[in-house]
Protein chains: 2
Amino acid sequence: MAGERAATLSDVAREAGVSLATASRALNGSDRVVRPELQERVLAAADKLGYTPNANAQAMARGSTETVGLLVKDISDPYFSTIAGGLADEAEKHGLLVMLCNTGGQPEREQKFLAALRRQRSRAIVLSGSDTAGVRHTSEVADLLTSYLEGGGRAAAISQPRLPVDTVVIDNHGGAKALAERLAGLGYRRAAVLTGPADLLVSAERHAGFAEGWLEATGSTPTYVSDEFSRDGGRRAMTRLLENGRNNGSEVDCVFAVNDLMALGALAACRQAGIEVGPELAVAGFDDIATLRDVTPGLTTVRLPLADIGRLALELVLGEPSAELRKRSVHGEVVLRESTPPRS
Amino acid sequence: MAGERAATLSDVAREAGVSLATASRALNGSDRVVRPELQERVLAAADKLGYTPNANAQAMARGSTETVGLLVKDISDPYFSTIAGGLADEAEKHGLLVMLCNTGGQPEREQKFLAALRRQRSRAIVLSGSDTAGVRHTSEVADLLTSYLEGGGRAAAISQPRLPVDTVVIDNHGGAKALAERLAGLGYRRAAVLTGPADLLVSAERHAGFAEGWLEATGSTPTYVSDEFSRDGGRRAMTRLLENGRNNGSEVDCVFAVNDLMALGALAACRQAGIEVGPELAVAGFDDIATLRDVTPGLTTVRLPLADIGRLALELVLGEPSAELRKRSVHGEVVLRESTPPRS
DNA sequence: GCCGTATGGGAAAGCGCTTTCCGATACGGT
DNA sequence: ACCGTATCGGAAAGCGCTTTCCCATACGGC
């Protein structure tokens with residue numbers, strides 16, 4: 001078992017009858033050339049001994065690693081896992097390993113992970129989600145990030161434009177605005193928005209975009225209810241919305257939940273309240289989570305190329321470093337489905 | 001920027017006016033004690049210089065890392081991302097980082113990742129999904145794994161009982177069997193199974209379990225159609241099933257898709273064919289993917305505690321190594337919803 | 001007051017690699 | 001035949017830590 005410790009490069013060199021330097025060169029092919037015969041001897045020796053290079057030692061000697069860090073709020077959320085999938089695919093192409101950091105939206109965890117990635121001398125870090133909760137937290141993250149960058153690290157963010165790094169900017173505002181226009185075009189007149197917490201940037205942008213489009217198209221401002229940025233938050237928000245409507249007679253004909261998960265909760269609340277989504281009340285979401293594309297009624301939403309966003313983020317973070325911050329914009333596309341039929 | 005290279009431990013030691021050894025001890029607290037005064041000086045110096053330990057150097061010197069690898073078939077699949085979420089949470093508690101390896105179900109990739117994790121001297125590896133495609137592939141993976149274990153690594157698998165490591169065994173057979181019994185109890189009589197590829201163990205187990213339960217309860221054997229283990233596979237399989245039914249008059253009243261994603265595809269196929277799931281045809285899945293819990297009609301399925309499975313796998317792999325292989329069983333629970341109403 | 005024994009600091013030996021630098025050999029040109 | 005120049009192998013110097021081993025000091029017991 002643990003009897004014979006793992007073979008090292010010196011073992012290989014000795015076995016092949018060459019020096020350490022030659023063995024190293026033969027195995028990695030440096031700029032220096034090794035005579036084919038020796039090379040073969042080294043390869044054979046490595047194979048014979050079952051040699052595995054020690055990546056940590058290599059990282060030390062070379063001063064760089066093959067690892068990129070990915071911070072997400074919650075990997076089990078399809079939004080993040082789809083992004084992670086795209087990023088992981090791209091990473092694989094570059095021969096990089098992905099360190100997955102599930103922050104759970106907790107600032108301390110986020111900071112801990114950032115520190116850990118720095119210790120690991122990760123080649124790059126991609127931050128996604130847990131967007132800029134409080135200003136103070138953001139600035140702490142920004143500090144950590146800055147010192148990481150000064151140490152030669154690279155970083156990029158997804159949809160967190162307040163961080164001082166290259167960013168994949170998701171056009172939340174434009175997507176939500178387009179959705180508002182389409183819904184208004186379908187004949188809806190009284191809208192409500194189910195938003196996440198006020199300090200969540202994504203949520204705020206989508207809310208604002210929708211409100212703007214709605215105002216331009218209908219001349220009115222949608223009401224809104226805010227709750228958690230999750231399925232349960234959506235359900236609670238919807239429930240409250242329905243209660244309010246009954247109490248003061250201000251019923252809406254159309255509800256926009258700022259993400260698909262909240263929309264899902266809204267759907268559940270409607271069902272519970274005996275409201276048929278579609279004919280009786282329109283509901284729309286945002287993201288176009290793959291798993292939800294086939295449900296009944298089909299959920300109208302704004303499709304985001306999530307996997308591409310992950311890929312793009314990695315490209316960005318791996319690309320030539322440049323002095324000024326780069327932004328890469330990604331736009332959503334409105335997808336109308338049965339949850340928002342043309343209003344008769 | 002890159003002007004001043006990162007502070008090292010020697011820098012800290014010099015700044016604090018102590019030796020390297022003392023600095024190291026002060027920062028990590030070894031079994032050796034450091035006088036409080038010196039300790040403070042070291043801490044202050046570290047802080048002043050913005051010192052970050054180099055995890056690679058530590059790993060080398062200590063001979064062990066803080067990293068665990070997680071192999072999944074496709075992180076964007078909710079099944080895996082939920083497991084990953086549970087595992088990541090547990091890892092965070094232990095101060096471990098998770099290396100995410102998305103194999104895409106490709107054996108070569110799987111092997112590449114395994115090799116990479118070995119190079120990294122990962123503390124442990126958890127394998128999930130891409131279950132044992134061909135025998136040859138399995139044995140190659142097993143070899144890689146064995147040599148990893150011999151090097152002092154630890155590994156565990158999720159639902160891949162053929163690998164020579166501790167495994168979290170999911171009772172696919174029992175869950176599917178229970179489901180079959182419940183469906184039969186609801187009055188269904190002619191069942192079909194939508195399976196994945198024949199060599200996919202999970203799929204085969206669920207198929208067999210269902211068939212066994214169905215046979216015991218109704219005296220008949222379900223027909224089956226197999227296709228990809230995915231949403232699209234489910235759609236295609238369902239389409240074929242419907243066509244066959246029409247051609248030879250052997251229509252079924254109940255369809256079991258071996259996972260929720262396939263069931264989702266089946267739902268889509270039914271909608272396209274104008275069949276109302278529930279009243280006209282019952283459909284059930286397996287896994288109880290969170291995102292699908294709120295769709296209409298509610299999908300009958302077998303609930304698996306996926307996040308717990310991830311946690312459990314990590315616990316297993318981190319626990320005391322033992323000579324014999326440990327198995328930890330996890331059972332599913334049938335959840336009846338509207339997609340399988342009692343048959344009138 | 002002396003010796004044996006903690007106690008805690010420091011020097012130095014690695015950990016397993018990469019890479020610079022040096023030296024030996026072979027080769028081409030004149 | 002001689003010199004300048006490639007070409008390629010090897011010795012050795014790190015990379016940034018941890019940890020062993022040694023040593024100086026302080027302390028308690030008789």
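The analysis underlying the following values was restricted to heavy atoms, covering all of them including side chains, and did not include hydrogens, waters or symmetry mates. Letters go in sequence order (proteins before strands), and every chain restarts at 1.
- OP1 or OP2 of D:dC8 has not a single side-chain nitrogen or oxygen of A:Arg35 nearer than 4.0 Å.
- With DNA chain C read from its 5' end, the first of the two nearest nucleotides for B:Ala61 and B:Leu20 is the one closest to B:Leu20.
- Within the 4.0 angstrom heavy-atom criterion, no nucleotide atom of any strand lies near B:Asn56.
- A heavy-atom distance below 4.5 Å is not found between the side chains of B:Val68 and B:Met99.
- For B:Arg32 against C:dG9, a side-chain N or O and a base N or O form a donor-acceptor pair under 3.5 Å.
- In terms of polar N and O atoms assigned as donor or acceptor, the side chain of A:Arg25 comes within less than 3.5 Å of the base of D:dG10 in a complementary pairing.
- As rounded to whole Å, 7 Å separates atom P of C:dG10 from atom CG of B:Leu38.
- Here the shortest heavy-atom pairing between B:Leu318 and B:Ala124 reads CD1-CB, 4.4 Å.
- The separation between B:Asn54 atom CG and C:dC15 atom P is 18 Å, rounded to whole Å.
- Without hydrogens or angle criteria, B:Asp74 side chain to B:Gly104 main chain gives no donor-acceptor distance under 3.5 Å.
- An OP1 or OP2 oxygen of C:dG10 is reached within less than 4.0 angstrom by a side-chain nitrogen or oxygen of B:Thr22.
- Contact annotation for B:Thr8: backbone-only contact, meaning every heavy-atom pair under 4.0 Å involves sugar-phosphate atoms and none involves a base.
- Summary of the strand contacts: B:Met60 and B:Ala21 both lie near DNA chain D, and taking for each the nucleotide with the nearest heavy atom, the more 5' one is attributed to B:Met60.
- Counting only distance, with no hydrogens or angles, the side chain of A:Ser19 and the backbone of A:Thr22 share a donor-acceptor pair below 3.5 Å.
- Here B:Thr52 lies in heavy-atom contact (under 4.0 Å) with sugar-phosphate atoms only.
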